[in-house]
2 protein chains.
Amino acid sequence: MTTLRTPGPTIGVVGGGQLGRMLAEAAAPLGIEVVVLDPTPDCPAALVARDQIVAEFDDEAGIRELAARADVLTFEIELADQDVMERVSEETGTPVHPKPSTLETIHDKIVQKRELEAAGVPVPPFRGVEDADDVRAAIDDYGAPVMLKARTGGYDGRGNVPVESKADAADALESVAGPAMVESFVDFEREVSVIAVKGAAERSSANREDTPRDDDETATFPIGENVHEDEILRETIVPARSSETVTDRAHAVARDVLEVMEGRGVYGIELFETREGEILLNEIAPRPHNSGHWTIEGAASSQFEQHARAVLGWPLGSTKLRSPTVMTNLLGDVDEEREAELGDIDRILETPGANLHWYGKRQARPLRKLGHVTLSAGDEDASVEDLLERARDLERSVTFRTDE
Amino acid sequence: MTTLRTPGPTIGVVGGGQLGRMLAEAAAPLGIEVVVLDPTPDCPAALVARDQIVAEFDDEAGIRELAARADVLTFEIELADQDVMERVSEETGTPVHPKPSTLETIHDKIVQKRELEAAGVPVPPFRGVEDADDVRAAIDDYGAPVMLKARTGGYDGRGNVPVESKADAADALESVAGPAMVESFVDFEREVSVIAVKGAAERSSANREDTPRDDDETATFPIGENVHEDEILRETIVPARSSETVTDRAHAVARDVLEVMEGRGVYGIELFETREGEILLNEIAPRPHNSGHWTIEGAASSQFEQHARAVLGWPLGSTKLRSPTVMTNLLGDVDEEREAELGDIDRILETPGANLHWYGKRQARPLRKLGHVTLSAGDEDASVEDLLERARDLERSVTFRTDE
């Protein structure tokens, strides 16, 4: 049975951006402490965390210090060096969740897709490419356009390049730079995502160690519908406007994905819903995900609370929807890097059911994620279309400083 | 119009207990920073606050340092020395909310009652007492029993002594020690409270300065029903099981109380509902109040978020009930002071709609407030009686360490 003392258990987090900050916000009421490691002094998570260790994400001495102060290590960025984390974990005995091997699998998109395909998860047709000829051959097989993706290092759409015709193959490959893969372009009806969480083995079982994998406690949140623009998430709409059949399918795929993932924690599973109502895997993030921020107000427990519970081996919380909810990102609407400033927030503050989240970044950059707004219906009988329209209005009502 | 930068506005709080901690938890998502002043190193609020200044509550140098770092000063304990705060505020130009004069009024219960009575707030009959003869005279006038109260310094029922008969007058007065008052004993149907908040003048008005008092934005949360035992709050039930007439009356009294209070912030207004359905004022706390903790999950914005908004002069948030909610305190169930430890929290963690709050106190003492549990109905059609029963079960399911 779980026991709380003061100080409570400590989670050491590699990365101290907004995900680390919201993790610390969710952890505090439960008496769980968070220490983050991040190279930027006074990173977003520093305000709420117990402490920040200022060090590069792969700094072995820094991670060793983090491990010494923590009961469990986790990460909120995919740049974390898994070799270092694994080595430090072995030396110090502080476990890492999710397992570094899972991150390694996810890190290389072609390895990720192969493992998932082997496990029966539906993925769009894909192949590795070495040169422009390979890209052209893929176009022959899949039809144009195809999606060219850097195998590693891409996020928020960076490293993803649609190739419209064979003539563009060479240029596209050059722009990606490094190992690449090609995916058949999915003509989707909508993009959806499932925030899924894998916890410890059911605590009710007598044998807490060596429990078979399929005894791990898992949970999935209601499916969100994601609106992207310039490959960056703009809004998440919950519940997604998918049929019940498609929704069930998405949950089933998410559970299959969890079977492949090793170690505990939250996974953001991005999916395509095709025009035929099929579900295909797009990407996986082995951490709380932007498309799950709505859970803070919209679900019984947030994805951040679930991540904290999961990595500590605590029982998972309820993933139930509290009420229909739309999340809209506040992206830097500036021409070039400048001091972050969000003006005219009064309408957001005054709107019942609206919640503002400011990430505490000092600098705004074009399209940088600076915060988000959640709008929940509460007991109001509002359609998600209506909520979406109102959330967009709120997002448009704020101003970013565009001149001195 | 309100603008956010990084770092955001800073609230300097005298006191760093659980109220300061929950204030910091509510402030963080909005980009609001909190610095607390508290003599206990690593006080409960320290985990979440930007910083703690370790100093006594009336330490002028410490409060000056706090003022220098803050955009506004407030307090979460009534022990704050109002003279010092007022002097520092005048020197530094950092405003204090609520106004020190309000705290002074509230501090002396007889001054408080006189001012409120003069403003038309219904209060039980009361009078100051100097000696045992005065107490006996009060018993003649009001009938036995009467409630003898220390005029200053009491909280959680400390300093309140029921006097059953004239023979007990002298002993009772001795146990109170110091200036005292007597109140007629109210034979109440139930104890209720209203969490009320007073904000800045409506922002829509063109004149932001020198706005008449009645233009101040105010808001009241739904009424809570409080269950006390040994004079300490055990549970708050929302909505209270009062009739609509009584509920309206309680809100009206709360608004009248706000008229008397100077300066912005949250007020916990404790009321008696008499068997005849009248509302009488019991006590006022010029700060977020234990009987308002349910607002964290149960209302659109919490009392802590409202306090942060109010003292900064931001627009107030919605006070709407999200769903029926019961809050139950976790009080130190120990025989003597020892290290705080809360065992068997799994049932709370596993119950949908239940939320655990642990205050991060290092030491448990008999009946000390160590945390609380909130149970919300969500979309479940549960009666408050049912919620109360289940919340009590959850409270009973945890264990405090009673032996080594």
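Just so it is clear: chains get the letters A, B, ... in the order the sequence lines come, proteins before strands, and each one is counted from 1.
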Considering non-hydrogen atoms only, spot the tightest contact between [X] and [Y] and give its length.
{"X": "B:Glu297", "Y": "A:Arg322", "result": "O-NH2, 3.1 Å"}
{"X": "A:Pro315", "Y": "B:Leu349", "result": "CD-CD1, 3.8 Å"}
{"X": "B:Thr6", "Y": "A:Trp358", "result": "OG1-NE1, 3.2 Å"}
{"X": "B:Pro7", "Y": "A:Arg362", "result": "CD-NH1, 3.3 Å"}
{"X": "B:Trp314", "Y": "A:Ile345", "result": "CH2-CD1, 4.1 Å"}

What part of A:Pro44 gets within 4.5 angstrom of chain B, counting heavy atoms only: side chain, backbone, both, or neither?
neither
Bottom line for A:Ile32: the part with an atom under 4.5 Å from chain B's heavy atoms is backbone
Among A:Thr399, A:Val398, A:Asp346, which residue satisfies the side chain to side chain contact (heavy atoms under 4.5 Å, CB included) criterion with B:Met1?
A:Asp346
Counting heavy-atom pairs under 4.5 Å with chain A, which one of [options] comes out on top?
{"options": "B:Thr319, B:Leu370, B:Asp42, B:Leu316", "result": "B:Asp42"}
{"options": "B:Glu25, B:His357, B:Gln18", "result": "B:Glu25"}
{"options": "B:Leu47, B:Thr3, B:Val48, B:Asp379", "result": "B:Leu47"}
{"options": "B:Ala300, B:Ala28, B:Ser376, B:Ser318", "result": "B:Ala28"}

Distance (rounded to the nearest 0.5 Å) between B:Glu350 CD and A:Arg309 CZ:
8.5 Å
Close side-chain approach of B:Leu30 and A:Asn355, heavy atoms under 4.5 Å
no
When A:Glu305, A:Lys320, A:Gln363 are compared by non-hydrogen pairs under 4.5 Å with chain B, the top option:
A:Lys320
Which residue out of A:Pro352, A:Gly360, A:Ala364, A:Gly371 racks up the most heavy-atom pairs below 4.5 Å with chain B?
A:Gly360
Toward chain A, the part of B:Ala49 with a non-hydrogen atom under 4.5 Å
backbone
